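Predicted, not measured: the structure shown is a model, and the values here were computed from it.
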Amino acid sequence: MLRFDMRKFGALSGLFLTAALALAACGSAGASGGGYGGYGGSAGTTGASGGVNLHCGAGATVCTKTVTASGKTETALADSAGMTLYYFTPDNATTATCTGACATNWPPLKAGASVTGAGLSAPLTTVNSANGAQVAYNGHPLYHFAGDKSSSDAKGDGILGKWYVATVSLSAAPASGSPTSVPGY
């Protein structure tokens with residue numbers, strides 16, 4: 001007779017749930033540490049990208065597009081290829097805390113020789129970190145999500161309650177403070 005031990009089942013199910021949440025949060029869907037599938041922030045095409053209405057000036061680093069995230073349609077930031085950009089709440093205007101293993105799953109938008117934007121209502125700047133020179137919008141360092149595979153994706157929104165789609169209306173980041181690093185996320 002097969003005996004079912006609830007204590008062992010509870011411990012195992014908790015372990016599997018924790019592992020599944022960690023994998024989902026990290027966006028381990030095939031990310032590599034180098035760039036992000038060519039979306040490292042270099043200038044690309046303008047106009048519609050992958051069915052997404054991308055508003056991008058010639059050579060712009062950051063553009064705008066309409067995206068639905070967390071059930072709400074908003075004007076979001078995108079790179080020149082139309083990929084959704086995100087911000088990380090532990091960052092501040094002077095510090096990007098997602099580095100190392102975290103930056104594998106959340107590749108930073110790297111700054112090129114010049115940083116320009118189209119359709120933005122706040123300034124673009126750069127933050128120097130272990131990631132190198134990283135583009136920031138209204139003081140928020142910007143990232144891609146490795147789980148996004150097309151320009152219509154915004155799959156990273158709300159992960160761990162710390163990752164959100166960067167929108168045109170994003171309020172200014174704190175000038176400084178003690179950012180909290182979350183390794184691997």
- Looking only at heavy atoms, the pair that brings Ala154 and Ala69 closest together is CB-CB, 4.5 Å

- Message: With side-chain contact (heavy atoms from CB on, under 4.5 Å) as the criterion, how do Val67 and Thr73 come out once you've worked through the C-alpha distance, each side chain's angles and the decisive distance to 0.1 Å?
- Response: CA-CA 6 Å; Val67 68; Thr73 301; over 6 Å; no

- Task: Grab the two heavy atoms, one from Leu142 and one from Ala166, that are nearest each other, plus how far apart they are.
- Result: CD2-CB, 3.8 Å

- Least distance between heavy atoms, Gly119 atom then Thr64 atom: O-CG2, 3.5 Å

- Is there a donor-acceptor pair closer than 3.5 Å between any side-chain N or O of Asp153 and the backbone N or O of Lys155? no

- Lys65 and Thr84: CA distance, side-chain angles, deciding distance, side-chain contact (heavy atoms from CB on, under 4.5 Å) verdict: CA-CA 8 Å; Lys65 68 177 184 175; Thr84 304; 2.8 Å; yes

- Query: So, do Asn53 and Thr66 sit near enough that their side-chain heavy atoms are less than 4.5 Å apart?
  - Reply: no

- Query: Where do Pro107 and Ala146 come nearest, in terms of heavy atoms and distance?
  - Reply: CD-N, 4.2 Å

- Message: Main chain of Phe145, side chain of Tyr86: is a donor-acceptor contact present, judged purely on distance under 3.5 Å?
- Response: no

- Query: Does some side-chain heavy atom of Val165 sit less than 4.5 Å from a side-chain heavy atom of Glu74?
  - Reply: no

- Asn138: what forms a side chain to side chain donor-acceptor pair (under 3.5 Å) with it, not counting sequence neighbours? none

- Message: Under 4.5 Å between side-chain heavy atoms, counting indirect links through other Ile/Leu/Val/Met/Phe/Trp/Tyr residues: same cluster for Val127 and Val115 or not?
- Response: no

- Specify the closest pair of heavy atoms between Gln134 and Pro141, including all atoms of both residues, with the distance to one decimal. NE2-CB, 3.5 Å

- Message: Against Leu54, only a single residue in Ser151, Ser80, Cys63 fulfils side chain to side chain contact (heavy atoms under 4.5 Å, CB included); can you say which?
- Response: Cys63

- Query: Partners of Thr89 by side chain to side chain contact (heavy atoms under 4.5 Å, CB included), sequence neighbours excluded?
  - Reply: Tyr87, Lys162, Tyr164

- Hey, is the main chain of Asn131 close enough, under 3.5 Å, to the side chain of Ser129 for a donor-acceptor pair? yes

- Item | Leu77 and Leu120: CA distance, side-chain angles, deciding distance, side-chain contact (heavy atoms from CB on, under 4.5 Å) verdict | CA-CA 8 Å; Leu77 304 185; Leu120 307 177; 3.4 Å; yes

- Item | All pairs passing side chain to side chain donor-acceptor pair (under 3.5 Å) where residues 114-126 contributes a residue, at least two apart | Ser121-Tyr137

- Note on the structure: Closest non-hydrogen contact found for His144 with Met83 is CD2-CB, 4.0 Å

- Query: Relative to the ring of Trp106, is the ring of Trp163 parallel (under 30°), tilted (30 to 60°) or perpendicular (over 60°)?
  - Reply: parallel

